[in-house]
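Below: one structure, written as structure tokens.
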Amino acid sequence: AQRVTQPEKLLSVFKGAPVELKCNYSYSGSPELFWYVQYSRQRLQLLLRHISRESIKGFTADLNKGETSFHLKKPFAQEEDSAMYYCALSTSYGKLTFGQGTILTVHP
Amino acid sequence: DAGITQSPRHKVTETGTPVTLRCHQTENHRYMYWYRQDPGHGLRLIHYSYGVKDTDKGEVSDGYSVSRSKTEDFLLTLESATSSQTSVYFCAISESMGLAGDTQYFGPGTRLTVL
């Protein structure tokens with residue numbers, strides 16, 4: 001069975017500092033990985049997915065199949081990055097399995 | 001925001017009563033999903049639909065049923081609500097469902113409290 005683990009419930013950084021949100025997964029097949037974000041009083045929305053290899057709002061994430069990880073990184077955090085972040089895995093059946101979520105707080 | 005609405009947005013009910021939550025979309029997407037969001041658990045899939053009258057169970061389907069009589073509407077029913085079903089419920093839609101890494105678009109959520 002597939003599983004997604006986000007080991008940090010809470011993560012605090014100061015504005016301008018680098019930030020890394022960790023995500024590890026277990027799945028025997030070929031995974032599709034996503035990061036979704038939920039800003040305060042907004043809907044959950046897609047931030048990025050590994051298949052598109054995009055950088056969104058300065059965030060990047062690299063799929064490391066050897067370490068089964070898909071960590072989200074940004075070199076210089078901004079206050080508007082404060083939000084709940086979910087890592088998610090899509091299996092061959094297309095259903096999403098979410099991690100427990102990480103609340104990122106960026107202090108001024 | 002994708003054209004997804006959920007109703008009601010907030011509901012307080014008593015243990016043992018039936019509750020129906022509605023998800024309505026205007027995007028004509030084939031796939032629809034119901035999730036619940038709980039602290040420490042993230043989002044967990046309850047049921048999903050891959051077409052009109054075609055539904056299947058997700059990870060946490062016990063105590064829930066769904067129906068989809070029209071493309072645009074996906075109903076989630078708690079037959080006899082329990083306190084453990086107190087949660088925030090999200091509906092999502094997607095155009096397809098497969099290895100292409102398709103995006104799911106989420107509704108605003110329904111906060112349900114079962115007393």
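Note that this is a predicted model, so its numbers are computed, not measured. Just so we're on the same page: letters track the sequence lines, and every chain starts at 1.
- The residues B/Arg44 and B/Asp38 are annotated as salt-bridged, a charged nitrogen and a carboxylate oxygen being separated by less than 4.0 angstrom.
- Atom CD of A/Glu67 has 12 or fewer heavy atoms from other residues, nucleotides or ligands within 6.0 Å.
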- Between A/Leu11 and A/Tyr85, does a side chain to side chain contact (heavy atoms under 4.5 Å, CB included) hold up when you go through it step by step? CA-CA 10 Å; A/Leu11 185 60; A/Tyr85 290 81; over 6 Å; no

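- Of all the listed residues (B/Gly109, B/Gly42, B/Pro39, B/Gly58), the one sharing the greatest number of non-hydrogen pairs under 4.5 Å with chain A is B/Gly42.
- Both the backbone and the side chain of B/Leu43 come within less than 4.5 Å of a heavy atom of chain A.
- If you measure heavy-atom distances from B/Glu59 to chain A, you find no contacts under 4.5 Å at all.
- Contacts of A/Gln38 with chain B are made by side-chain atoms alone, with heavy-atom separations under 4.5 Å and no backbone atom involved.
- Aromatic ring orientation, A/His107 versus A/Phe14: tilted (interplanar angle from 30° to 60°).
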